[in-house]
Amino acid sequence: MAGRWPDILRGYFRRRTATYLCVLIVFAMGVVFGGLAVGHVAEAERGALARYVEGLLAQGPGRAPLPAEHVLRQAMVKDLLKTVGLMGVLGLSVIGAPLVLGVVFLRGFALGFTGAFLMDQMQLRGVVVALVSLLPHNVLAVPAVLVAGATAVGFSVTAARVLLGRRDINVYHHFLSTLLLLAGSAALLLAAAFVEAYVTPVLMDAVARVLP
């Protein structure tokens with residue numbers, strides 16, 4: 001049975017290609033709209049945010065950072081409860097597929113806005129800061145969000161088809177695979193939270209030492 005899992009997963013993802021493509025497009029739209037939204041933020045608010053970021057860097061490695069446990073706890077609440085947990089509940093509710101896409105869009109929007117804001121306000125330094133502060137944990141978090149979103153939407157669509165009269169669909173099989181993929185996404189997001197809490201601050205300290 002263990003040897004069949006790769007084939008089962010390949011078949012699952014092949015059948016869900018359209019769903020994953022849809023979720024990827026929604027996430028990309030969120031990133032784009034987040035980047036564009038930077039230009040519509042009031043100048044006073046942009047200045048306040050820029051001063052806050054500059055202050056964090058200016059304090060350099062001698063600043064008193066937030067405890068890693070606090071950062072980890074915040075990341076876990078944001079990722080596990082407000083992302084995977086919420087999308088799972090919405091997907092299992094059958095009618096929540098549009099709201100799942102809304103969660104995916106907001107995650108992309110936040111990422112796009114943060115990256116674009118840093119680059120807009122700090123130019124080349126902003127590119128470095130964005131890469132160091134956003135890339136490490138999002139290498140894990142973004143795929144996890146996409147998988148969780150597509151999984152939740154896929155189950156919602158499948159359950160709706162069963163309710164509309166399809167009798168050739170094994171709901172139990174789809175429910176089990178949905179739970180397994182959501183658990184895998186949660187584990188990936190947990191790893192991303194550890195990176196955000198313990199790796200990103202070290203990289204930010206290194207950047208603060210180097211950047212003028």
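No chain of hydrophobic side-chain contacts below 4.5 Å, direct or via other Ile, Leu, Val, Met, Phe, Trp or Tyr residues, connects Val32 to Leu118. In terms of hydrophobic clustering, with Ile, Leu, Val, Met, Phe, Trp and Tyr side chains grouped at heavy-atom distances under 4.5 Å, Val89 and Leu176 are assigned to different clusters. Residues Leu140 and Leu131 fall into different hydrophobic clusters, defined by Ile, Leu, Val, Met, Phe, Trp and Tyr side chains chained together at heavy-atom separations under 4.5 Å. Residues Val31 and Met119 do not share a hydrophobic cluster, defined by chaining ILVMFWY side chains whose heavy atoms lie under 4.5 Å apart. Hydrophobic cluster membership differs between Phe27 and Leu135, with clusters built from Ile, Leu, Val, Met, Phe, Trp and Tyr side chains linked at under 4.5 angstrom.
Note that SG of Cys22 is 11.5 Å distant from CG of Leu146, once rounded to the nearest 0.5 Å. Atom CG of Leu24 and atom CE of Met29 lie 12.0 Å apart (nearest 0.5 Å). If you take CG on Leu190 and OG on Ser185, they are separated by 12.5 Å, rounding to the nearest 0.5 Å. To the nearest 0.5 Å, atom CG of residue Leu188 and atom CG of residue Leu181 are 12.0 Å apart.
Contact detail for Leu101 and Val26: the closest heavy-atom pair is O-CG1, 3.4 Å. In terms of heavy-atom proximity, Val104 sits nearest to Gly149 at CG2-CA, 4.1 Å. Scanning all heavy atoms of the two residues, the minimum distance from Ala141 to Arg107 falls at CB-NH2, 4.2 Å. Looking at every heavy atom in both residues, Lys82 comes nearest to Val103 through O-CG1, 4.3 Å. Between Thr200 and His137 the shortest heavy-atom distance is OG1-ND1, 4.0 Å.
In this structure, Thr19 and Val157 have side chains that are not in contact, with every pair of non-hydrogen atoms separated by 4.5 Å or more. A 4.5 Å side-chain heavy-atom check between Val153 and Met87 finds every atom pair outside the cut-off. At least one side-chain heavy atom of Leu92 sits under 4.5 Å from a side-chain heavy atom of Phe175. Put simply, the side chain of Ser156 does not reach to within 4.5 Å of the side chain of Ile95, judged on heavy atoms.
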Does the pair Val142 and Leu111 meet the rule for a side chain to side chain contact (heavy atoms under 4.5 Å, CB included), with working shown? CA-CA 10 Å; Val142 170; Leu111 181 61; 4.1 Å; yes

Assess whether side chain to side chain contact (heavy atoms under 4.5 Å, CB included) is satisfied between Phe33 and Phe105, documenting all intermediate values. CA-CA 9 Å; Phe33 278 97; Phe105 179 87; 4.0 Å; yes

Begin from the C-alpha positions of Tyr20 and Val147 and carry the test side chain to side chain contact (heavy atoms under 4.5 Å, CB included) through to its verdict. CA-CA 8 Å; Tyr20 277 86; Val147 170; 3.9 Å; yes

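Residue pairs satisfying the side-chain hydrogen bond (donor to acceptor under 3.5 Å, both in side chains) criterion with at least one member in residues 22-39, sequence neighbours excluded, are absent. Here side-chain hydrogen bond (donor to acceptor under 3.5 Å, both in side chains) pairs that include residues 86-97, with residues two or more places apart or in two chains, number zero.
In this structure, the side chain of Asp120 does not engage the main chain of Ala116 through any donor-acceptor pair within 3.5 Å.
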